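Hydrogens, waters and symmetry mates play no part in the numbers below; they use all other heavy atoms, side chains included. Source: prediction; values computed, not measured.
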Amino acid sequence: MEHNENHHASATTKKGGLVTMPFIFANEVTEKLAVVGFGTNMISYLTTQLHMPLTKAANTLTNFGGTASLTPLLGAFISDAYVGKFWTITVASIIYQIGMISLTVSAVVPQLRPPPCKGEEVCQQANSGQLAILYVSLLLGALGSGGIRPCVVAFGADQFDESDPKQSTKTWGYFNWYYFVMGASILVAVTVIVYIQDNIGWGLGLGIPTVAMFLSIIAFIVGYPLYRNLDPSGSPFTRLVQVAVAAFRKRKIPNLPPAQCLYQNDELDASISLGGKLLHTEQMKFLDKATVVTEGDDTKSPNLWKLNTIHRVEELKSLIRMGPIWASGILLITAYAQQGTFSLQQAKTMDRHLTKTFQIPAGSMSVFTITAMLATTAFYDRVFIRIARRFTGLDRGISFLHRMGIGFVISTLATLVAGFVEIKRKKAAMAHGLIDHSSAIIPISVFWLVPQYGLHGIAEAFMSIGHLEFFYDQAPESMRSTAMALFWTSISLGNYVSTLLVTMVHKFTRGPNGSNWLPDNNLNKGKLEYFYWLITILQFLNLIYYIFCVKYYTYKPIQVHDKDSTSSEENQVELTTV
C-alpha cells in the first residue's frame, strides 16, 4: 500500500508548479474578458436594443446570474466524480463559446432584434422568437460557466503540492494573484469593451469577447502536458450520503467506544487523503456511529452504506461546519448586486463628463470597484501581510476568517454611504427643478458615486478572496471543486435575494399616487436611499451573526501522512496521534 502511495505521489508531483501559471492565467484573463465584456453592459443591451422595461431587464439579469451560479454544483459533481477538472473546464468553455456566438449573431443580424425606436413613439418590444435567442444564449452561458467556475480556481491551486513545504505557502499567494489577474482583465472589459458597445456597435462589442473566449480555450489546452492532473476520486456526494445512511442505520447504538477503536482503513481512503487524513473530532457525535464496527461488518472490504471510516465521517462534518460561514456571504453579494442595476441608473442621471467632449459610460463606473479591489489586493499581498505577520506570527498575515470579517464591515459602510449620496443627488435635482424629468442630466458630478463603488471593491478584496481561501483550505481535499461550487452558490443566492428584495420593496412601498421607493421610470421620485439603508441594517445583523459563527468554528484537524506509522495489518485500524 505504501509502495502504491509513493508511486502515486511521484506520478503527480513531477508536473505542475509555477510553470503552469501562464497557461492558467492566460485562460482566466481571456475568459473573464469574455464573460464580463458580455455581462457588464447587458442591462443596456436589454433596454436599448430589445426594449425591455427596466425592472424586467434587471430581474432577467439577476435571475440569469443566479442560475449561472447554481450550475457550478453540477460542474463540480462531474469534475470531482468522473472526468477531473481539466476536461470539465475544456468542455464547459466550448458550450459557453456557442452561447456567445449565438448572441453576437443576433446583435449583428437586424431581423433578430426589434426595430429601433422612432422619435416619441412607444418602442416595439422584442417578440418571443427574439427573446428565445436571448434566453438560449444566456442558458448556454450559464451551463458553460457551471463547468469553468468551480474548477478553474481549484485546478490552479492543485498545481502546488501542499505536502511540499516549499510549495504550500504558494497556494494562498496564488489566490491573491488569481484575483488580481482576474480583476485586471475585468478592468479592460468594463472600460474598452463597454465603450465599444455604447459608441461603436454591439456587433463589434460582443464579437471581441467571443474571440477572446476562443483564445482562452486554446491557451488552456496548449498547457495540457504540463498540468498536474489529480484523478477524480468518485462522487463526493455519494460518500456524504453513505455516511449519513450508515449513521442513521446505527442510530440505536447506545454508547460510542473510545476514538481509537473507531473504524479506519488507510487503503480505502488512500485516493481521497493524499494531503493527509482527517482526525476524529468531538462534535456531531451522532455521525460517529457510522464508524462503529458491529457484527456482520466486513472490515477488509466494508459495505459503505453500513460502515464508514473516520476520514469519511470527518469529511461530512467539515462541510456541515462550513455551512454557517458560507451562509454569511450571501448578503454581501446582495449589496454588491445593486451596482449593476440601481447604482448604474443613478450614474445615468448624473454629469459623467471628464472633458467637454468625453463622458464616462455609466456601465464603466464599476472601474472604480475593480481599481479599488486591485489596489487593495496588491497592497494586501505586498505590504499588509508582512506587517500583520509581525503581530500574529501567521505566514498568511491574518486568518481567512478575520479577512472575511474586515470585508463585511467595509461592505456595510459602502451601502450606508450610498444612501447619503442618493440624498445629495436628489437635492441637486430638486434645486434645478429636474425632479419630474426622468431622463434629464442633473448637474452633479458622477464622481459622488466613487466612494460606494470603491468601498465595495475594497470589501471584495477582503471578503471574496478570504471566502475562496476558506473554502479551499477547510474543504476535504477530494471535494475542492465542490467547495468552490459552494462559493458560487452563495453568489447565486445573493442574486436571488436581491431579486426578492427589489420585488418586495417595489410591491410594499407602492403608494396610492404612484409613489414607490424604487419607481420604474423616474428614480428622482423614489426613495432609493431607504432601500440602501435597509440593506445596511441587514448587513449589520449579518455581521453580528458572522462573529458568532467564527467564535464557535472548529478548524478541520488533519494528520499529514507519516510513512513510519504502525498500522495493524489485519483490519487497517491505525492508532491516530493527535
Sequence neighbours excluded, which residues qualify as side chain to side chain donor-acceptor pair (under 3.5 Å) partners of [X]?
X	result
T71	none
T415	T536, Q539
T238	S235
Y496	T67

Please enumerate all residues that pass side-chain contact (heavy atoms from CB on, under 4.5 Å) together with [X], with sequence neighbours excluded.
X	value
V136	L140
L134	L46, L50, M52, L103, L131, L138
V181	F25, V29
L455	I410, L413, A414, V417

Whether S216 side chain and M213 backbone form a donor-acceptor pair below 3.5 Å: yes
Within residues 98-109 or reaching into it, pairs that qualify as side-chain hydrogen bond (donor to acceptor under 3.5 Å, both in side chains) - sequence neighbours excluded: S102-S137, T104-T210
Sequence neighbours excluded - side-chain hydrogen bond (donor to acceptor under 3.5 Å, both in side chains) pairs with any residue from residues 87-101: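 Counting only pairs at least two positions apart or across chains, no side-chain hydrogen bond (donor to acceptor under 3.5 Å, both in side chains) contact touches residues 87-101.
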All ring pair (Phe, Tyr, Trp, His ring centres under 6.0 Å) counterparts of Y553, not counting sequence neighbours: F470, Y555
Within the 6.0 Å centroid threshold, strictly below: F462 and F400: no
Point-to-point distance, once rounded to the nearest 0.5 Å, from OH of Y546 to CE of M404: 4.0 Å
Salt-bridge criterion met for E315 and R312 (N-O under 4.0 Å): no
Residue pairs involving residues 83-100 (criterion salt bridge (Lys or Arg N to Asp or Glu O under 4.0 Å); sequence neighbours excluded): K85-D158
